[in-house]
Structures are given as C-alpha cells and as structure tokens.
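Notes follow the structure.
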Amino acid sequence: WADAHLSIFVRTVILSVVATALTLLLGFPTAWFIATRPKRDRSFWLFLITVPFWCNLLVRTFAIMEIIRNEGVINSLLLWLGVIHEPIQMLYTDFAVGLGMAYVYLPLMVLPLYASIEKLDFRLIEAAYDLYATPWRALTRVILPLVRPGVVAGSILVFIPALGAYVVPRILGGGKRMMISNLIDLQFGQGRNWPLGASLSLLLMLIVTAALLIYVRQTGREAPGHG
C-alpha cells in the first residue's frame with residue numbers, strides 16, 4: 001500500500017470514470033442523431049462510427065498525440081488566432097490520457113445507445129410535451145429511463161476496457177501518468193516483483209468483476225416479470 005501505488009490506483013479509477021462520462025456526453029447526442037435519421041441513411045452513419053475500428057489502436061493514439069502536442073493542431077491554431085502566446089502543455093497529462101481513452105472507446109458507447117434509442121417509442125415524448133413537460137424534464141423523466149439499458153451497457157463497455165488501458169496511458173501519459181495496467185507491466189518486467197504484479201492483476205480483476213455484477217443486477221431489475 002505504498003503512496004505511489006495508491007495514487008496510480010486512484011488515477012486509474014478516476015480517469016476510467018471520466019472517460020466513461022465523456023463518451024456518454026458525446027455518444028448520447030450522436031446516437032440520438034443517428035437513430036432519428038431516415039432508415040435508409042442510418043447504415044451510412046453507423047458505418048462512419050465503426051470506421052475507427054478498422055485502424056489499429058496504436059495508430060489512433062498517435063493521431064491524438066499529433067493533435068494535442070505542443071506543435072500540434074490545437075496549439076498551432078490557438079497561436080495563429082492569438083488566443084495564447086505559448087503552447088499549452090496538454091500531452092503527458094491526465095487530460096491527454098482521459099481524452100485519448102474517450103476518443104478510442106467512443107464507438108463502444110454509441111452502438112448500445114443507438115440500439116436502445118432506435119427502439120424508443122417517440123409517441124411517449126410527444127405525450128410528455130402535450131402534458132407541458134419541458135425538454136429537460138422530458139429527457140430526465142421519459143427518455144433516459146427508457147434508454148437506461150443502453151446507457152448501462154455502454155458505460156460498462158467503456159469503463160472495463162478503460163480500467164485495463166495500457167497503450168493510451170503509455171503513449172499519451174509518457175510514462176509519467178501511469179495507470180494500473182502500466183504498473184502491472186512494470187512489476188512483471190523491470191521490477192521483477194511478480195508477487196506484487198500478481199496482486200495488482202487480481203485487484204484489477206476484482207474491480208472488473210464488481211462492475212459486471214452491477215451490470216447484471218441492473219439488467220436483472222429491468223427484465224420483465226412473468227405470471
């Protein structure tokens with residue numbers, strides 16, 4: 001229970017939650033947009049969502065690196081516009097790791113949300129507006145409860161891979177912002193401390209198991225009863 005190990009564990013959980021929240025915030029409007037398109041156009045938009053899966057994870061991570069580095073697209077644009085006078089250090093920070101994971105795992109959030117929204121009965125939303133519900137109230141009291149299975153499934157699909165992410169924190173974190181998977185690799189490799197590496201691996205497995213149990217419990221509550 002060294003302080004360094006605890007800080008890496010806390011960072012792993014926080015960044016995984018942040019990545020899940022970012023993908024949900026970005027994925028819900030995206031899935032809603034696709035689900036409300038004409039049926040003949042939905043396949044095209046879903047195709048665009050799956051295009052990143054055609055490219056290796058390493059290549060996608062380097063693409064993010066080129067965008068947020070000191071000489072990258074964002075800093076060059078801000079310097080050209082005169083918004084900043086020197087580059088903003090975004091690379092090798094927790095921000096870079098969280099952004100990279102959100103970008104990599106975004107399709108895993110969009111697809112379950114789209115599956116739930118597509119089956120949504122939009123007449124219920126019209127009924128809510130007829131009963132003088134505000135857009136926010138219709139979203140929180142009608143839409144979100146109905147698409148909750150997609151939200152839970154997408155969150156689990158993002159949170160679990162984010163917990164075990166290795167490539168993204170290794171490249172965008174620069175070895176300075178390690179997550180638990182990088183620490184495990186260090187113990188089995190350079191550290192030669194296999195007992196600690198095995199313990200950390202077991203801890204990661206327990207966290208994943210707990211997340212899966214929560215998912216099973218939530219889906220079990222939503223299953224319709226019989227008899």
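Residues take their numbers from the sequence shown, with the count starting at 1.
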Q) Are L113 and L24 close enough, and set up right, to give a side chain to side chain contact (heavy atoms under 4.5 Å, CB included), and what steps lead you there? A) CA-CA 9 Å; L113 284 173; L24 180 59; 4.1 Å; yes
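- No donor-acceptor distance shorter than 3.5 angstrom exists from the side chain of S76 to the backbone of V73, with no hydrogens or angles considered.
- With hydrogens and angles ignored, the 3.5 Å screen pairs no side-chain donor or acceptor of N75 with any backbone N or O of G72.
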Q: Would you please test L91 and N70 for side chain to side chain contact (heavy atoms under 4.5 Å, CB included) and show each step?
A: CA-CA 7 Å; L91 196 59; N70 288 356; 5.6 Å; no
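- Distance alone, capped at 3.5 Å, places no donor-acceptor pair between the T23 side chain and the M109 backbone.
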Solution key, residues 154-171 side-chain donor-acceptor pairs under 3.5 Å, sequence neighbours excluded:
from : atom 1 : to   : atom 2 : distance (Å)
S155 : OG     : V151 : O      : 2.7
Y166 : OH     : D185 : OD2    : 3.2

Q) Does the pair F95 and I88 meet the rule for a side chain to side chain contact (heavy atoms under 4.5 Å, CB included), with working shown? A) CA-CA 12 Å; F95 166 78; I88 301 174; over 6 Å; no
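- L25 and V104 are members of different hydrophobic clusters when ILVMFWY side chains are connected at heavy-atom separations under 4.5 Å.
- Looking at L48, I49, D41 one by one, the single match for side chain to side chain contact (heavy atoms under 4.5 Å, CB included) with I34 turns out to be I49.
- When hydrophobic clusters are built by joining Ile, Leu, Val, Met, Phe, Trp and Tyr residues whose side-chain heavy atoms come closer than 4.5 Å, directly or via intermediates, V59 is not grouped with L57.
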Q: Would you check, one step at a time, whether the test side chain to side chain contact (heavy atoms under 4.5 Å, CB included) holds for L144 with F28?
A: CA-CA 10 Å; L144 287 181; F28 189 88; 4.0 Å; yes
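- Around the CZ atom of F188, the shell of radius 6.0 Å holds more than 12 heavy atoms that belong to other residues, nucleotides or ligands.
- I180 and L202 fall into different hydrophobic clusters, where Ile, Leu, Val, Met, Phe, Trp and Tyr are joined by side-chain heavy atoms under 4.5 Å apart, directly or via other members.
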